[in-house]
Novice: 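Sharing a structure, written as structure tokens. Questions coming.
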Amino acid sequence: MYDCIVIGAGIAGAVTARKLAEEAGRKVLVIERREHIGGNCYDEPDEYGILVHNYGPHIFHTGLEEVYEYLSRFTEWHLFGHEVVAKVGEQLIPVPFNLNTLHMVYEKDRADILEQKLISAYGEGSRVPIMKLRENEDPQIREIAQYVYENIFLKYTMKQWGQKPEEISPEVTGRVPVVISHDNRYFQDKYQGVPKDGFTAMFERMLAHDNITVRCGTDCKELLCFRENDILFEGEVFEGDVVYTGALDELFDCRFGRLPYRSLDFRFEHYDQASYQGRSVVNYTVSEDFTRITEFKFLTGQQNTEGTTIVKEYPFAYTGAKGEIPYYAILNDGNRALYERYRALTAGMKRFHLLGRLAEYQYYNIDAMAKKALELADNIRGENQ
Ligand code: FAD
Ligand code: UDP
């Protein structure tokens, strides 16, 4: 009945399913545990009619033309240059720390000198990870690095990861480098924004295809079981491709122990006022227990609303308890080794594919995930032609 089974209806699963259904003519079954599609990109109107992102604020950003083109088949975009500020004392300063930020935190003559130093050390337009900047030999540059470390990274990272910046993988803090330019945008990508009618609508269109059946509210283990290297679908050996985008440890009942994750508690608040903070995102980099506040109407561009809804993000260590969601893989050698033990269990499963933030225990943005999904669908198609 089905040629292919995709587990999870997030960006990884949805793109794979659509491409296989449309270009390879596969009959695809998408199994999704939640009551809705979209994975962590899911959005919906709250009780006040304000479109909110239930699993944290998502901004699509990419420089990958093929990904932008592919997703644009299913949505128009509300594009903008995404900007973030950090609340440091009474000041709101642009993040990533850039030359404008430099001029806000140092008086003019000193900022002018420091700006020249940074430009001659790294070149205009360059992006320097904070952990690299801290190693610079020039004491004045190291002083800037210390300011950035203490006021942008230390407390925020402690909240987000429960560890200091030097204790986590440098690729994580490297996502928000010091930028040697006057560009206040959070990302440098050519395309930045959100789907015009929301992410969920984009996913609905992507999954609306005659060859795709979606079953929400169903854990894959209700339909599939894994016996040695065989996958059984409703009791019979399934010969087609299976793409799994859930957590890998869960598939094997966490037999080697749980893969560690950070989770988030999202607390939504509604206010009967036009605006709460006048912008989409404020990072709390030195105070508070939450990491950031997002005000949705400034992210989605929604106009037809009188009040406003915000969300505060409180990070905590994922334990696997019921209702908790694993959001961020904690990237280090020990955890990767544990992941590899689980992955080894799938080595003999011929047409079984791991894809996604959870299944690959990786830190992917939406666009990178979509690109990998497009590639996987192409590979599956090629292998079986
Ligand atoms: P998911 O979206 O997690 O989808 C996996 C799906 O599989 C889920 O729906 C899950 O319910 C389902 N599933 C799992 N196990 C089973 C099972 N056993 N049976 C059935 N279904 C199952 N990226 C950006 O590009 N821009 C951003 O601004 C951005 N902001 C983010 C903010 C936060 C707080 C977080 C956590 C991530 C953010 N990301 C952002 C990353 C983005 O969420 C991911 O790149 C993307 O969601 C990955 O898609 P995925 O399909 O791999 O995983
Ligand atoms: N970070 C920080 N202060 C900030 C923004 C980011 O310390 O104001 C650090 C923090 O460790 C965070 C990492 O940089 O986890 C990556 O930030 P990014 O915004 O990319 O995280 P995301 O929410 O997208 O996962």
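For this chain, numbers begin at 1 and follow the sequence in order. All ligand and atom numbering here is 1-based and tracks the order in the structure. Side chains included, hydrogens not; waters and symmetry mates left out as well; all remaining heavy atoms used.
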Novice: Tell me whether atom 53 (O) of ligand 1 lies less than 4.0 Å from at least one protein heavy-atom position.
Specialist: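 Given the 4.0 Å cut-off, atom 53 (O) of ligand 1 does not count as touching protein heavy atoms.
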Novice: Among all the protein's non-hydrogen atoms, which is closest to atom 18 (N) of ligand 1, and how far away is it?
Specialist: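 Looking at atom 18 (N) of ligand 1, the protein heavy atom closest to it is D219 OD1, 3.2 Å.
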Novice: Nearest protein heavy atom to atom 2 (O) of ligand 1, by residue and atom, and its distance?
Specialist: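 Of every protein heavy atom, N40 N, 2.9 Å lies nearest to atom 2 (O) of ligand 1.
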Novice: In the protein, which heavy atom is nearest to atom 18 (P) of ligand 2, and how far is it?
Specialist: Y186 OH, 3.7 Å
Novice: Could you list the atoms of ligand 2 found under 4.0 angstrom from a heavy atom of V172?
Specialist: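 Result: 13 (C), 14 (O), 15 (O), 16 (C).
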Novice: Can Y364 be said to touch ligand 1, with heavy atoms closer than 4.0 Å?
Specialist: yes
Novice: Which protein non-hydrogen atom lies closest to atom 2 (C) of ligand 2, naming both residue and atom, and how far is it?
Specialist: Y156 CD2, 3.3 Å
Novice: What protein heavy atom sits nearest atom 11 (O) of ligand 2, and how far off is it?
Specialist: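 Going atom by atom, the protein heavy atom closest to atom 11 (O) of ligand 2 ends up being T157 OG1, 2.9 Å.
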Novice: I7 versus ligand 1: do any nitrogen or oxygen atoms come within less than 3.5 Å of each other?
Specialist: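 In fact, backbone or side chain, I7 has no N or O that close.
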Novice: Of the backbone atoms (N, CA, C, O) and the side-chain heavy atoms from C-beta on, which set of P57 has a member under 4.0 Å from an atom of ligand 1: side chain, backbone, both, or neither?
Specialist: backbone
Novice: Relative to atom 9 (C) of ligand 2, which among F153, Y284, Y327 owns the nearest non-hydrogen atom?
Specialist: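 Minimum heavy-atom distance to atom 9 (C) of ligand 2 goes to F153.
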Novice: Identify the protein heavy atom lying closest to atom 3 (N) of ligand 2, giving its residue, its atom name and the separation to 0.1 Å.
Specialist: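 The answer is I152 O, 2.9 Å.
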Novice: Relative to each other, are the rings of H36 and Y42 parallel, tilted or perpendicular (30° and 60° limits)?
Specialist: parallel
Novice: Taking the side chain as every heavy atom from C-beta outward, state whether E313 and P57 have any pair of such atoms under 4.5 Å apart.
Specialist: yes
Novice: With rounding to the nearest 0.5 Å, note down the distance linking CG in L248 to CZ in R343.
Specialist: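 Output value for this atom pair is 9.0 Å.
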Novice: Please state whether T218 comes within less than 4.0 angstrom of ligand 1, counting heavy atoms only.
Specialist: yes
Novice: Need the ligand 2 atom indices (1-based, order shown) with element for anything under 4.0 Å from a heavy-atom of T285.
Specialist: 8 (O)
Novice: Mind checking whether A12 has an N or O less than 3.5 Å away from an N or O of ligand 1?
Specialist: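 Min N/O separation from ligand 1 is below 3.5 Å for A12.
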Novice: Any idea which protein heavy atom is nearest atom 37 (C) of ligand 1, and the distance to it?
Specialist: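 Looking at atom 37 (C) of ligand 1, the protein heavy atom closest to it is R357 NH1, 3.4 Å.
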Novice: Return the orientation label for the Y328 and Y363 ring planes: parallel under 30°, perpendicular over 60°, tilted otherwise.
Specialist: tilted
Novice: Would you say R262 and Y318 make side-chain contact, with heavy atoms under 4.5 Å?
Specialist: no
Novice: Do E32 and ligand 1 have an N or O pair less than 3.5 Å apart?
Specialist: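 Yes: some nitrogen or oxygen of E32 is under 3.5 Å from one in ligand 1.
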Novice: Heavy atom under 4.0 Å from ligand 2: found in R292's side chain, backbone, both, or neither?
Specialist: side chain
Novice: How far is atom 21 (O) of ligand 2 from the closest protein heavy atom, and which atom is that?
Specialist: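 For this ligand atom, the closest protein heavy atom is Y363 OH, 3.3 Å.
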Novice: Roughly how far, to the nearest 0.5 Å, is CG of D241 from NZ of K350?
Specialist: 11.0 Å
Novice: Between L29 and R215, is any pair of side-chain heavy atoms under 4.5 Å apart?
Specialist: yes
Novice: Between F352 and F226, what is the ring plane arrangement, given parallel below 30°, perpendicular above 60°, and tilted in between?
Specialist: perpendicular
Novice: Quick one: sort the F60 and W77 rings into parallel, tilted or perpendicular, breaks at 30° and 60°.
Specialist: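 It falls in the parallel class, under 30°.
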Novice: For atom 19 (N) of ligand 1, what is the nearest protein heavy atom, given as residue, atom name and distance?
Specialist: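 Looking only at protein heavy atoms, the one closest to atom 19 (N) of ligand 1 is C220 N, 3.0 Å.
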Novice: Please say whether I11 places an N or O atom under 3.5 Å from an N or O atom belonging to ligand 1.
Specialist: yes
Novice: Once you measure the plane-to-plane angle for Y261 and Y361, does it fall in the parallel (<30°), tilted (30-60°) or perpendicular (>60°) bin?
Specialist: perpendicular
Novice: Which option wins on minimum heavy-atom distance to atom 48 (C) of ligand 1: Q362, M369, H53?
Specialist: M369
Novice: Is it the case that T319 and E324 place a side-chain donor and acceptor less than 3.5 Å from each other?
Specialist: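 Yes - a donor-acceptor pair under 3.5 Å links their side chains.
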Novice: Is L264 touching ligand 1 with its side chain, its backbone, both, or neither, if touching means heavy atoms under 4.0 Å apart?
Specialist: side chain
Novice: Starting from atom 7 (O) of ligand 1, which protein heavy atom do you reach first, and at what distance in Å?
Specialist: G8 CA, 3.2 Å
Novice: Quick one: nearest non-hydrogen protein atom to atom 17 (O) of ligand 2, plus distance?
Specialist: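 Atom 17 (O) of ligand 2 sits closest to the protein heavy atom V176 CG2, 3.4 Å.
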Novice: Not counting sequence neighbours, list each pair that qualifies as a salt bridge (Lys or Arg N to Asp or Glu O under 4.0 Å) and has a residue in residues 149-176.
Specialist: E171-R336
Novice: List every atom of ligand 2 that sits less than 4.0 Å from any heavy atom of N283, numbering the atoms from 1 in the order shown and giving each element.
Specialist: 4 (C), 5 (C), 8 (O)
Novice: Evaluate the ring planes of Y70 and F74, with Trp represented by its six-membered ring, and classify them as parallel (under 30°), tilted (30 to 60°) or perpendicular (over 60°).
Specialist: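 Plane angle over 60°, so perpendicular.
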Novice: Measure the acute angle between the ring planes of Y314 and F290, then classify it against the limits of 30° and 60° as parallel, tilted or perpendicular.
Specialist: perpendicular
Novice: Below 3.5 Å, N or O to N or O, backbone or side chain included: is there any such pair between I59 and ligand 1?
Specialist: yes
Novice: Does Q160 reach ligand 2 with a nitrogen or oxygen that is under 3.5 Å from one of the ligand's nitrogen or oxygen atoms?
Specialist: no
Novice: Mind checking whether D249 and F256 have side chains closer than 4.5 Å, heavy atoms only?
Specialist: no
Novice: Looking only at protein heavy atoms, which one is nearest to atom 23 (O) of ligand 2, and what is the separation?
Specialist: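 The protein heavy atom lying closest is Y328 OH, 3.2 Å.
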Novice: Geometry only, no angles: is Y327 polar-contacting ligand 1 at N/O separations under 3.5 Å?
Specialist: no
Novice: With the threshold set at under 4.0 angstrom, would you say Y55 reaches ligand 1 through any of its heavy atoms?
Specialist: yes
Novice: Any chance you could measure K19, atom NZ, to I380, atom CD1, to the nearest 0.5 Å?
Specialist: 11.5 Å
Novice: Any idea which protein heavy atom is nearest atom 42 (C) of ligand 1, and the distance to it?
Specialist: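 Nearest protein contact, heavy atoms only, for atom 42 (C) of ligand 1 is H58 NE2, 3.5 Å.
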Novice: List the closest protein heavy-atom neighbour of atom 4 (O) of ligand 1: residue, atom name, distance to the nearest 0.1 Å.
Specialist: G10 CA, 3.6 Å
Novice: Can you name the residues that form a side-chain contact (heavy atoms from CB on, under 4.5 Å) with Y191, not counting sequence neighbours?
Specialist: T62, E65, Y68
Novice: Considering only non-hydrogen protein atoms, determine which one is nearest to atom 21 (N) of ligand 1 and report residue, atom name and distance to 0.1 Å.
Specialist: R33 N, 3.0 Å
Novice: Any atom of ligand 2 sitting under 4.0 Å from a heavy atom of K155?
Specialist: no
Novice: In the protein, which heavy atom is nearest to atom 15 (O) of ligand 2, and how far is it?
Specialist: W161 NE1, 2.8 Å
Novice: Is there a polar contact between ligand 1 and D367, counting only N or O atoms under 3.5 Å apart?
Specialist: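 No, D367 has no N/O under 3.5 Å of an N/O on ligand 1.
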